[in-house]
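Throughout, a chain's letter reflects where its sequence line sits, starting with A, and its residues are numbered from 1. Keep in mind that this is a model prediction, so the values were computed, not measured.
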Number of protein chains: 2
Amino acid sequence: MNGGMPKPTIKDVALEAGVSLGTASRVINRFSDVNVEMRLRVERAIRKLGYTPDAVAQSMRSRSTRTIGILIRDFSSPAFVSFATVVQSLLYREGYVPLLAGYADEPRRELEILSAFAQRRIDGLIVTTSSDSDARLADTRRKLAVPTILFDRDPDGEQDTIAVDHRSGIQQVMTYLLKLGHRRVALLTGAHHVRPARERIEAFIKAHHDAGLVLDPMLLRTGSFTAEFAEQQSVDLLALPNRPTAIIAGGVNMLPGVLLAIRAAGLSIPKDISVVSSTNPELCELFMPTVTELRVDYGAMGVEASQLMLGRVQGTIKGPPRILRFDTTLIERESCAPPHV
Amino acid sequence: MNGGMPKPTIKDVALEAGVSLGTASRVINRFSDVNVEMRLRVERAIRKLGYTPDAVAQSMRSRSTRTIGILIRDFSSPAFVSFATVVQSLLYREGYVPLLAGYADEPRRELEILSAFAQRRIDGLIVTTSSDSDARLADTRRKLAVPTILFDRDPDGEQDTIAVDHRSGIQQVMTYLLKLGHRRVALLTGAHHVRPARERIEAFIKAHHDAGLVLDPMLLRTGSFTAEFAEQQSVDLLALPNRPTAIIAGGVNMLPGVLLAIRAAGLSIPKDISVVSSTNPELCELFMPTVTELRVDYGAMGVEASQLMLGRVQGTIKGPPRILRFDTTLIERESCAPPHV
DNA sequence: TTGAAAGCGCTAACAA
DNA sequence: TTGTTAGCGCTTTCAA
């Protein structure tokens with residue numbers, strides 16, 4: 001597979017430049033206290049030998065791997081795509097590399113990934129945990145002893161948090177739907193042990209209360225963020241004797257399931273049923289009719305998360321845990337109309 | 001950020017177990033020539049101290065990082081999602097970790113990522129390069145001197161390749177469209193310097209030739225795999241005095257652009273124009289009408305790629321470069337109909 | 001089968 | 001400002 005001589009080491013560079021190991025290291029690490037003459041000699045040697053530092057050896061000594069672990073639910077959501085793209089680009093620019101992993105809705109895999117991260121000595125962690133309330137996961141994160149950003153999860157008082165205000169998001173949606181005249185709105189979202197689901201559920205209940213409406217518990221469907229769950233629950237909802245007049249897909253992967261179920265039921269949007277979806281720009285704009293969307297700017301969250309993380313690992317940001325909140329925007333499209341009675 | 005005592009090392013384990021460093025290492029690495037009594041003592045010590053090996057130190061000595069670099073175009077295509085999900089899960093199972101990076105259509109970033117990989121001493125590389133013909137990239141890959149799998153790119157005689165047969169794919173599509181009566185079919189795909197584009201272009205031309213048709217060069221639009229490119233070219237195609245009666249989205253990200261352009265032109269599918277798309281299960285099934293799809297099983301490719309890679313890095317697969325080919329399946333849906341004259 | 005010791009490539013502490 | 005040296009945590013000789 002290979003060809004020829006071994007990779008040059010810093011020793012070779014020092015030898016070639018006729019300086020000591022230490023001086024070579026100082027040049028490589030851009031320390032200021034190096035004579036110009038020496039610096040040039042070392043740089044020439046580096047170029048001549050085609051030397052690149054060995055990151056493993058650097059990490060061995062310096063304790064830093066310049067690696068940021070990023071632990072998400074899965075790779076399939078458009079939200080992840082915007083986030084990951086931005087984060088990767090900003091981290092690389094500073095010489096850091098993201099270690100990306102998804103647990104694909106299997107909490108056990110989350111633990112495995114965390115320990116793989118630990119063994120590799122990541123410098124920082126951005127994590128969307130599968131459960132806010134799992135003490136074992138929290139404990140494992142703590143043991144990593146690196147700057148951590150909880151992504152759209154509950155602040156724990158110890159780590160930085162960057163989260164969406166889903167509560168006001170659902171409030172916006174409900175205000176909109178109620179104004180259109182809807183009284184039977186269904187909410188599909190994940191299980192209560194993650195913050196986005198919990199916030200949506202609470203806001204959903206509160207909106208009913210504030211409007212003086214009695215919430216039919218059949219209309220609240222929680223348990224998973226997957227499209228499969230959304231489809232199966234939608235099928236069930238649409239078969240109800242008094243089916244909802246609007247459905248909220250409360251999760252970035254859920255819209256496809258909802259749309260499939262509605263089509264299978266032979267219903268038309270928005271005539272028979274109104275639909276609002278969480279962030280999914282492509283599908284929402286492309287589907288006909290276009291779908292009203294509760295949009296979150298995950299790219300912007302990626303920028304903030306990267307900057308905060310870089311600040312923490314580089315020591316330029318200090319002090320107590322920060323909590324960054326992001327608002328949602330309701331983008332009204334064609335999928336909502338007054339219900340007909 | 002931290003709390004308490006430093007992580008236990010193998011030295012602590014050896015001390016606790018009352019054995020030598022070497023013995024502790026042998027137990028950890030599951031060597032057979034260790035006395036049962038010793039093994040138990042070491043294992044107990046490991047459990048007691050909560051020891052986990054330090055992957056950086058292991059790599060330092062062993063030369064293996066158990067890390068596989070995966071370099072793709074970007075994170076946004078559903079094809080990537082299926083592939084990455086499978087690969088991650090199979091690699092983790094064997095104690096390997098994927099290092100995922102996308103160059104987002106900027107060839108310069110590809111080089112940066114490759115050198116980041118090199119510095120980190122990856123054990124293997126799976127790469128969808130931005131250009132089959134860029135000698136600098138090929139050279140950089142070669143210098144990595146690790147098992148490499150070219151993903152849907154031209155075999156270079158040195159590395160393993162796992163590729164889709166786009167040629168027969170386009171042939172299937174053309175046969176289908178010609179049989180429906182289409183004579184003006186447009187193909188949208190990437191630039192000729194990557195294999196999937198090149199194969200599609202060649203097969204597209206050959207299909208015309210074989211059918212005794214003269215290909216209007218205006219109908220062949222190559223240059224980029226992005227949705228933006230697809231949209232802009234589609235807009236242009238649809239404004240032609242004699243516009244095509246069918247469009248092929250020859251790239252996994254391109255369908256959205258095509259659909260947007262068709263909608264903007266006020267045309268209806270398949271009455272005014274037929275559409276065939278490369279792999280994009282969700283959108284193809286969800287859009288109305290459903291879209292005829294030239295499907296590739298990227299999950300299956302992920303399985304094969306992982307197994308081949310693991311075989312190479314673990315030394316269980318030896319010998320000359322392998323070339324694995326995957327076929328496409330044409331899934332006929334509602335987006336194609338005979339053209340009306 | 002086990003222990004002792006060298007050393008992977010580098011950074012950092014110390015001395016000059 | 002530069003050189004020398006110890007040692008990061010581990011695997012892997014080499015001897016015993």
Side-chain angles (χ1 to χ4, degrees), chain A residues 2 5-43 45-46 49-67 95 118-123 145 314-315, chain B residues 2 5-43 45-46 49-67 95 118-123 145:
Chain A
N2 194 333
M5 52 194 183
K7 267 190 67 180
T9 71
I10 195 171
K11 223 165 150 180
D12 301 319
V13 171
L15 210 68
E16 171 75 29
V19 300
S20 75
L21 264 184
T23 303
S25 173
R26 279 174 208 117
V27 172
I28 289 159
N29 293 288
R30 321 207 167 287
F31 281 125
S32 48
D33 54 350
V34 179
N35 186 304
V36 187
E37 147 87 21
M38 294 272 160
R39 152 157 293 134
L40 287 175
R41 264 160 59 193
V42 173
E43 282 167 351
I46 288 174
L49 299 177
Y51 168 81
T52 35
D54 180 323
V56 175
Q58 285 180 316
S59 302
M60 183 76 193
R61 192 68 238 259
S62 69
R63 315 260 57 190
S64 155
T65 56
R66 297 183 87 80
T67 301
Q119 283 194 24
R120 271 151 220 276
R121 300 207 303 220
I122 53 169
D123 285 0
Q314 294 172 343
Chain B
N2 194 333
M5 51 195 184
K7 267 190 67 180
T9 72
I10 195 172
K11 224 166 150 180
D12 300 320
V13 171
L15 211 68
E16 171 75 29
V19 300
S20 75
L21 263 183
T23 303
S25 173
R26 280 174 207 118
V27 172
I28 290 159
N29 292 288
R30 321 204 168 291
F31 282 126
S32 47
D33 56 348
V34 179
N35 186 304
V36 188
E37 147 87 21
M38 293 270 161
R39 153 156 293 133
L40 287 175
R41 262 159 60 192
V42 173
E43 282 167 351
I46 289 175
L49 299 175
Y51 167 80
T52 35
D54 181 322
V56 175
Q58 285 180 316
S59 302
M60 183 76 191
R61 195 66 238 264
S62 69
R63 313 261 60 189
S64 155
T65 56
R66 297 183 87 81
T67 301
Q119 284 193 24
R120 270 150 221 275
R121 301 209 300 224
I122 54 170
D123 285 1

Does a side-chain N or O of [X] approach OP1 or OP2 of [N] to a distance below 4.0 Å, or not?
X	N	answer
A/T23	D/dT2	no
B/R63	D/dT12	no
A/Q58	C/dC10	no
A/S20	D/dT2	no

Inset, instruction - Go through D/dG3, C/dC10, D/dT11 for me and flag the one nearest to the B/L21 side chain. - result: D/dT11
Legend entry - Nearest to side-chain heavy atoms of B/N29, which nucleotide of D/dT11, C/dA12, C/dG3: D/dT11
Whole-Å distance between [N] [atom2] and [X] [atom1]?
X	N	atom1	atom2	value
B/D33	C/dG3	CG	C1'	13 Å
A/R66	C/dT11	CZ	C1'	14 Å
A/R120	D/dG9	CZ	P	18 Å
B/R61	D/dG7	CZ	P	18 Å
B/D12	D/dC8	CG	P	11 Å

Legend entry - Ion pair check, B/R26 and B/D33, cut-off under 4.0 Å: no
Inset, instruction - Would you classify A/V34 as touching base, sugar-phosphate or nothing, given that sugar-phosphate means primed atoms plus P, OP1 and OP2, and contacts are heavy atoms under 4.0 Å? - result: sugar-phosphate
Inset, instruction - Check every strand shown and say whether B/S25 touches a base, only sugar-phosphate, or nothing at a heavy-atom separation below 4.0 Å. - result: base
Inset, instruction - Let me see the working for B/E43 and B/V27 under side chain to side chain contact (heavy atoms under 4.5 Å, CB included), right down to the final yes or no. - result: CA-CA 8 Å; B/E43 282 167 351; B/V27 172; 4.1 Å; yes
Inset, instruction - Confirm from the modelled atom types if B/R26 and C/dG3 form a donor-acceptor pair under 3.5 Å, side chain to base only. - result: yes
Inset, instruction - Select from A/T9 and B/V36 the residue whose nearest nucleotide in DNA chain C is closer to the 5' end of that strand. - result: B/V36
